[in-house]
Amino acid sequence: MLTLQALRHDRPAVEAALSKRGLDAAPLLDQILELDLQRRTTQKEVDDLKAEQNAASRAIGDLFKAGKKEEAESRRAEVGLLKERIQALDEKQKALIQQQEDALLELPNRPHESVPSGQSEEDNEVVAEEGDKPNLGDSAKPHWELADQYKLIDFEAGVKISGAGFPVYRGKGAKLQRALIQFFLDRADAAGYEEFIPPHVVNADSGRGTGQLPDKEGQMYHCTEDDLYLIPTAEVPLTNLFRGDLLKSDELPIQLCGYTPCFRREAGSYGKDVRGLNRLHQFDKVEIVRFEKPENSYAALDGMVEHVRGLLRELELPFRTLRLCGGDLGFTSALTFDLEVWSAAQERWLEVSSVSNFETYQANRLQCRFRNAEGKPELVHTLNGSALALPRIVAALLENHQTADGIRIPAALQPYTGFDRIA
RNA sequence: GGAGAGAUGGCAGAGUGGUCGAUUGCGGCGGUCUUGAAAACCGCUGUACCGCAAGGUACCGGGGGUUCGAAUCCCUCUCUCUCCGCCA
C-alpha cells in the first residue's frame with residue numbers, strides 16, 4: 001500500500017499518477033486525509049490525557065511511600081475519571097486507524113511516470129518485437145493437438161483425477177517440463193539469483209504482505225481448515241522471506257529465484273483462453289525476485305527484463321515486450337513489462353512473463369526496510385518477474401517448432417531434455 | 001494427538017508490580033592511541049506516532065483483563081522448543 005507520507009506530502013502527484021489507471025482517486029484521497037487529520041487530533045488529546053495519568057500515578061506512588069494515605073486515595077478517584085475518557089478516545093482512535101487502513105488498502109500503486117495511460121491491454125505499448133514468426137501455413141496444429149499426437153499431455157486424465165485446468169504431463173511431455181525448470185533455474189543461478197524452495201502454502205499474513213489479500217482473495221485456493229492458501233506464484237513465499245526485516249545496507253541487493261507450482265482458481269475465465277495450456281489452475285513457474293535500494297530499482301527492472309528476453313532467445317521463440325498501460329497494470333505494481341511469445345498455430349500472443357517494480361508498495365505492507373546512508377530505516381523496493389511460466393512456453397515450443405516429422409527442441413534446451421526432437 | 005518449557009531491542013541474553021524503553025554482552029557509529037590496522041580504552045547507538053521545537057505517547061509474541069501504576073499478576077490465542085505417540 002502507499003505510504004501515508006506520500007499522500008500527505010505529494011497528493012497532487014499521486015492523484016495525477018493514479019488517473020493513468022482510469023481511477024478518480026480524489027474521493028478516496030479526501031477520505032484518507034480527513035481521517036488522518038482526525039486521527040492526529042485524537043491522538044494529541046489522548047496522549048495528553050495519558051501524560052496526565054502517568055504523572056498522577058507517579059505522584060500516588062510517592063504519596064504512598066511518604067505515608068500520606070488520605071491524599072493518595074483522593075487522587076485515585078481522580079485518575080479513575082481520567083481513565084474513562086482515555087478509554088473512549090482510545091476506541092475512537094482505533095476505529096479511525098482501522099478506517100484509514102481499509103481506505104489505504106483500496107488504493108492501488110501509483111504508476112511510474114513512464115506508464116502510458118490507457119483503458120485495457122489494447123493500450124499497452126509495444127516496446128520491441130524480436131524473432132521471426134514461422135511460416136507454417138495451413139498445416140499448423142495447435143499445441144493441444146500436438147500434445148495429444150505425441151502423447152505429451154493427457155488433459156482428460158487431469159479432468160478425471162482433479163478437474164479441468166489440471167493437465168497430466170507424460171513421457172517426453174513430463175521430461176520437457178522438468179528440462180525447462182532446470183534450464184530456467186540454471187540461467188537464474190548464473191545471473192546471480194540464489195535458489196530457494198519455499199512452502200507451497202502460505203498463511204494470510206503472507207498473502208497480505210505481497211498484496212494478494214485482500215485484493216485477490218477469490219483467485220486463491222484456500223484451505224479453510226488450517227487457514228492456509230495455495231500459492232498463486234512463488235512471489236508470495238519468496239518476497240515474504242524478508243517480511244518484517246530490517247536489512248543492513250550492504251545486504252542489498254537481494255536476488256532470489258525459485259521454482260514452484262502455482263495454483264489459481266481463475267474464476268470467470270472461459271472460451272479459447274482456457275483451451276489446452278493457455279490457462280490452467282496449476283502450472284509450473286520459475287520466479288525471480290529482487291530487493292533493491294530505491295535508487296537502483298529501475299536499473300534492476302531493466303536487468304530482469306533483459307534476463308527474460310535472453311531465455312526466450314535461447315528458446316528460439318518470437319516474442320515481444322510490452323510496457324503495460326495504466327489500465328492493465330496490476331494493482332500493486334508501479335511499472336510492469338509483459339513478455340509475450342508468438343503462438344504460431346493459434347496466431348496470437350501469449351503472455352509468458354510479467355516483470356514488475358512494486359517500489360515501496362509491497363515493502364510497506366511487508367515492513368521490509370533497510371538502513372539508509374543516514375542510518376535510518378527506509379522501505380526497500382521489491383521487484384519480481386516470471387523467468388519463466390511453463391505452460392505457454394510449452395505451447396509455443398510445440399507450435400512454433402513443429403515440423404512434418406516432429407517437434408524440434410532448441411539447441412540450448414537439448415542438454416536438459418536429453419533428446420533433440422519429439423516424434 | 002498427550003505432557004512440559006518458552007516468546008524481551010539488529011543479534012544474544014537479564015529483568016517477577018512504581019522514572020524499565022528496559023542491566024549486560026556482541027554488532028554498528030564516533031573518538032583516543034597508532035605510520036596504518038588490530039587490540040585496548042572512552043562515548044553514542046530501538047521503532048512508530050504527535051509536535052516547528054522543547055517534549056509527549058505507545059510498543060517487551062497477538063488480543064483482553066486486574067491495578068492509581070504491568071515486561072512483571074490473571075485469561076485467551078498464536079508460534080517455538082523438549083519429551084512421548086503416530087508417520088514419509
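Numbered from 1 within each chain, the chains take letters A, B, ... in sequence-line order.
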Looking only at non-hydrogen atoms, find the nearest pair between A/A179 and A/L413 and report the distance.
O-CD1, 4.2 Å

Give me the distance, rounded to whole Å, that separates B/C87 from B/C74 when you measure between the C1' atoms they each carry.
39 Å

In the structure shown, which nucleotide is the Watson-Crick or G-U wobble counterpart of B/G51, with both distances under 3.5 Å?
none

Under a 4.5 Å cut-off applied to non-hydrogen side-chain atoms, are A/Y150 and A/Q402 in contact?
no

What does A/E251 touch in the nucleic acid at a heavy-atom separation under 4.0 angstrom: a base, only the sugar-phosphate, or nothing?
nothing

Is there a Watson-Crick or G-U wobble partner for B/U23 with both distances under 3.5 Å, and if so, which one is it?
none

How would you summarise protein contacts on nucleotides 59-67 of chain B per nucleotide, using B for base, S for sugar-phosphate only and - for none, with heavy-atom distances below 4.0 Å?
-----S--B

Take A/K248 and A/L4, find for each the nucleotide of RNA chain B with the closest heavy atom, and name the residue whose nucleotide sits nearer the 5' end.
A/K248

Identified pairing partner of B/A5, criterion: Watson-Crick or G-U wobble below 3.5 Å
B/U80

Of all residues at least two apart in sequence or in a different chain, which pass the side chain to side chain donor-acceptor pair (under 3.5 Å) check with A/R21?
none

What pairs meet the ring-ring contact (aromatic ring centres under 6.0 Å, His included) rule with one or both residues in residues 21-43 of chain A, with sequence neighbours excluded?
none

Sequence neighbours excluded, every pair satisfying ring-ring contact (aromatic ring centres under 6.0 Å, His included) that has a member inside residues 198-249 of chain A
A/H222-A/Y229, A/F242-A/F291

Integer-rounded Å distance: B/G55 P and A/Q43 CD
18 Å

Residues in contact with RNA chain B, drawn from residues 47-61 of chain A - heavy-atom cutoff 4.0 Å:
A/D47, A/K50, A/A51, A/Q53, A/N54, A/S57, A/I60, A/G61

Could you list, one pair per line, each protein nitrogen or oxygen that sits under 3.5 Å from a nitrogen or oxygen of nucleotides 6-8 of chain B, together with the distance?
none

Partner of B/C33 by Watson-Crick or G-U wobble geometry, both contacts under 3.5 Å, or none?
none

Among A/L388, A/V286, A/L311, A/T417, which one satisfies side chain to side chain contact (heavy atoms under 4.5 Å, CB included) with A/F183?
A/L311

Both distances below 3.5 Å, Watson-Crick or wobble geometry, any strand: find the nucleotide opposite B/A88.
none

Does B/G46 have its OP1 or OP2 closer than 4.0 Å to a side-chain nitrogen or oxygen of A/R371?
no

From A/I422 atom CD1 to A/K151 atom NZ, the distance as rounded to the nearest 0.5 Å:
13.5 Å

Spacing of A/L89 atom CG relative to B/U57 atom P, expressed in whole Å:
16 Å

What is the base-pairing partner of B/C59, counting Watson-Crick and G-U wobble geometry with both distances under 3.5 Å?
B/G46

Phosphate OP1/OP2 of B/A48: any A/R39 side-chain N/O under 4.0 Å:
no

Base-pairing mate for B/U66 - Watson-Crick or G-U, with both contacts under 3.5 Å
none

Results of salt bridge (Lys or Arg N to Asp or Glu O under 4.0 Å) for A/R365 - residues two or more places apart only
A/E101

Would you mind reading off the distance between A/Q367 atom CD and B/U47 atom P, rounded to a whole angstrom?
13 Å

Respond yes when some side-chain nitrogen or oxygen of A/Q5 is under 4.0 Å from OP1 or OP2 of B/C49, and no when none is.
yes

Could you pull out every donor-acceptor pair under 3.5 Å between side chains of residues 152-168 of chain A and any protein atom, sequence neighbours left out?
from: A/D154; atom 1: OD1; to: A/E156; atom 2: N; distance (Å): 3.2
from: A/D154; atom 1: OD1; to: A/A157; atom 2: N; distance (Å): 2.9

Qualifying ring-ring contact (aromatic ring centres under 6.0 Å, His included) pairs with a residue from residues 58-114 of chain A, counting only residues at least two apart or across chains
A/H112-A/Y298

Enumerate the ring-ring contact (aromatic ring centres under 6.0 Å, His included) contacts for residues 355-389 of chain A, please, sequence neighbours excluded, ordered by first and then second residue.
none

Using Watson-Crick geometry (N1-N3 plus N6-O4 or O6-N4) or G-U wobble (N1-O2, O6-N3), each under 3.5 Å, B/A14 is paired with none

Between B/A7 and B/G61, how many Å separate the two P atoms, rounded to a whole number?
8 Å

Of all the nucleotides listed (B/G27, B/C68, B/C50), which has the minimum atom distance to the side chain of A/K44?
B/C50

Rounding to an integer number of angstrom, what distance separates B/G28 and B/G6 when you compare their C1' atoms?
29 Å

Nearest heavy-atom pair of A/L390 and A/Q177: which atoms, and what distance?
CD1-O, 3.4 Å

Mind checking the P distance from B/C26 to B/G21? Whole angstroms is fine.
25 Å

Whole-Å gap separating P (B/U47) and CG (A/N372):
11 Å

What's the gap between B/G18 and B/U34 when it is taken at their P atoms, as a whole Å value?
49 Å

Please report, rounded to the nearest Å, how far the P atom of B/A48 is from the CG atom of A/N364.
12 Å

Once you apply a heavy-atom cut-off of 4.0 Å, does A/R40 come out as touching a base, just sugar-phosphate, or nothing?
sugar-phosphate

Under the salt bridge (charged side-chain N to carboxylate O under 4.0 Å, His left out) rule, what pairs show up with a residue in residues 102-118 of chain A, not counting sequence neighbours?
A/D10-A/R110

Determine whether A/K293 and A/P253 make a side-chain contact, defined as any pair of heavy atoms from C-beta on separated by less than 4.5 Å.
no

Write down the distance separating the P atoms in B/G56 and B/C20, rounded off to the nearest Å.
15 Å

Counterpart residues, side chain to side chain contact (heavy atoms under 4.5 Å, CB included), relative to A/N203 (two or more places apart)
A/D205, A/S206, A/L228, A/R243

Please state the C1' separation for the pair B/G63 and B/C68 - nearest whole angstrom.
24 Å

Within this structure, what is the CG-to-P distance between A/L228 and B/U78, rounded to whole angstrom?
13 Å

Position toward the 5' end of RNA chain B (nearest nucleotide), A/V46 or A/P377:
A/P377

With C1' as the reference atom in both, quote the distance from B/C77 to B/G27 in angstrom, rounded to an integer.
34 Å

Between B/C77 atom P and A/D205 atom CG, what is the distance in whole Å?
19 Å

A/Q93 CD to B/C50 C1': how many Å, rounded?
10 Å

